[in-house]
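Scroll down for the structure; my scribbles are underneath it.
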Amino acid sequence: MRTKKVVSVIAMIVFFVFVWFMQNKTLIGSLRFENLVVMNNSAFGYSSLIAYCVFFTVPYIIFFNLMTSTEYSFTIVRHKGRDALFHKTTTKIGLTSFLFSFLHTSINIILTVYFFKLDILLDNSQFFYGSLINLFGVALYFMVVGFIYKIFYELKNSISLATLITYLSIGLLYFLSKLFIPPNIWTPDKDLIILPMMLVNQLSSIELLLIFVRQMGQIFALYLIASTIYLRKDFLLNDSK
């Protein structure tokens, strides 16, 4: 199991490096602050909305499944109840989301520092500070993805089907928000703008706080839904006796 986790982490690092170069290969030849903003803006790029909602959703779910053990009957009975097992699953969602976000952010910082002059980055200290804050925002976002996946998995009892439905749900929301919903109307994907907005000093402390509050609210609501569905299986089992 430990070997599988190590391989999973290495695979994600390779994946993020590949995506970073594919997204930024035309920009790293010119060491300008404007290019740094473009590389991380909310329209396209490594830290863009489309990257989080379209490119990274399925890799995150694959990463989550590889980093967590399958629930077999002999592992379930070791716990006092399904509530204890669900709390353990919730912890795994949180840790996996943070690790996924940490790897994503680390690759961005390391490669940016490598290709850009350090004085350009230090002149605008918001890149490092914004990357750190963005790490937590992205981790909360992928916790939302994790709970959505968990809900569909418990309903369908199929990894592939739950992955597909989760991907389509998030992707559809992104494209509907992009094409039909006015920019001034909030949708969950619009909270993934922490780093690009901080780079251009357009995100206030109040706006940042509101982003985290909204994300925590989504996680809490999805936690309640997922736990209800998860624990309901016990009731169905008892009713069948």
Atom [atom1] of [X] and atom [atom2] of [Y]: how far apart are they, to the nearest 0.5 Å?
X	Y	atom1	atom2	result
Thr26	Asn24	OG1	CG	7.5 Å
Leu95	Phe64	CG	CZ	10.5 Å
Asn40	Leu195	CG	CG	4.5 Å
Tyr223	Ile151	OH	CD1	12.5 Å
Lys190	Tyr174	NZ	OH	11.0 Å
Thr89	Glu154	OG1	CD	8.0 Å

Would you say [Y] ends up clustered with [X] if hydrophobic residues are merged whenever their side chains have heavy atoms under 4.5 Å apart, either directly or through other cluster members?
X	Y	answer
Tyr46	Val200	yes
Ile193	Ile181	no
Val144	Leu176	no
Phe136	Leu210	no
Ile211	Trp186	no

TODO: For Ser97, enumerate each residue passing the side-chain hydrogen bond (donor to acceptor under 3.5 Å, both in side chains) test, keeping only those at least two apart in sequence or located in another chain.
DONE: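 Partners of Ser97 under the side-chain hydrogen bond (donor to acceptor under 3.5 Å, both in side chains) test: Tyr60.
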
With a 3.5 Å cut-off and sequence neighbours excluded, list the donor-acceptor pairs that the side chains of residues 166-173 form with protein atoms.
unit_1: Thr166; atom_1: OG1; unit_2: Ala162; atom_2: O; d: 2.7
unit_1: Ser169; atom_1: OG; unit_2: Ile165; atom_2: O; d: 2.7

- [ ] Verify, without hydrogens or angle tests, whether Asn134 (side chain) and Gly130 (backbone) share a donor-acceptor contact under 3.5 angstrom.
- [x]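 Checked: no pair found.
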
- [ ] Ignoring hydrogens and angles, tell me if any N or O in the side chain of Thr105 forms a donor-acceptor pair with the backbone of Phe102 under 3.5 Å.
- [x]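 Looks like no, no N/O pair under 3.5 Å.
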
TODO: Report the C-alpha distance between Val113 and Ile109 in whole Å, list the side-chain angles of each, state the deciding distance to 0.1 Å, and finish with yes or no for side chain to side chain contact (heavy atoms under 4.5 Å, CB included).
DONE: CA-CA 6 Å; Val113 169; Ile109 293 176; 4.2 Å; yes

Any side-chain heavy atom of [X] within less than 4.5 Å of one from [Y]?
X	Y	value
Ile194	Ser47	no
Gln126	Asn201	yes
Pro182	Ile185	yes
Ser160	Leu164	no
Val9	Ile13	yes
Phe100	Met67	no

- [ ] Would you kindly say whether Asp189 and Tyr141 are connected by a side-chain donor-acceptor distance under 3.5 Å?
- [x]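 Not at all, the side chains of Asp189 and Tyr141 share no donor-acceptor pair under 3.5 Å.
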
For a quick test of reading the model, state the closest non-hydrogen atom pair linking [X] to [Y] and the distance between them.
X	Y	answer
Gly45	Ala51	O-CB, 3.5 Å
Ser101	Val138	OG-CB, 3.5 Å
Pro196	Asn41	CB-CA, 3.5 Å
Leu140	Gln215	CD1-OE1, 3.5 Å
Leu27	Asn35	O-ND2, 3.1 Å
Phe55	Gln23	CE1-NE2, 4.0 Å

- [ ] Show your working on side chain to side chain contact (heavy atoms under 4.5 Å, CB included) between Met143 and Thr96 and close with a plain yes or no.
- [x] CA-CA 8 Å; Met143 283 190 69; Thr96 305; over 6 Å; no

Open item on the list: For Thr112, give me all partners under side-chain contact (heavy atoms from CB on, under 4.5 Å), at least two apart in sequence or on another chain.
Closed with: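 Thr112 satisfies side-chain contact (heavy atoms from CB on, under 4.5 Å) with Trp20, Leu36, Met39, Asn108, Phe116, Leu121, Phe127 only.
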
Task: Residue pair Tyr149, Thr57: steps toward the side chain to side chain contact (heavy atoms under 4.5 Å, CB included) verdict - done: CA-CA 10 Å; Tyr149 167 77; Thr57 300; over 6 Å; no

Task: Phe21 and Phe115 aromatic ring geometry - parallel, tilted or perpendicular at 30°/60° bounds - done: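 If you compare the ring of Phe115 with that of Phe21, the planes turn out perpendicular.
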
- [ ] For the pair Phe56 and Phe16, evaluate ring pair (Phe, Tyr, Trp, His ring centres under 6.0 Å) and give the outcome as yes or no after the intermediate values.
- [x] CA-CA 9 Å; Phe56 296 153; Phe16 284 134; 5.4 Å; yes

Task: Criterion ring pair (Phe, Tyr, Trp, His ring centres under 6.0 Å) on Phe147 and Tyr153, from CA distance to verdict - done: CA-CA 10 Å; Phe147 276 114; Tyr153 176 77; over 10 Å; no

Task: Working for ring pair (Phe, Tyr, Trp, His ring centres under 6.0 Å), residues Phe15 and His104 - done: CA-CA 9 Å; Phe15 170 74; His104 168 271; 9.7 Å; no

Task: Within 6.0 Å of CD1 in Ile206, more than 12 heavy atoms from elsewhere - done: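 It does not: Ile206 CD1 has 12 such atoms or fewer within range.
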
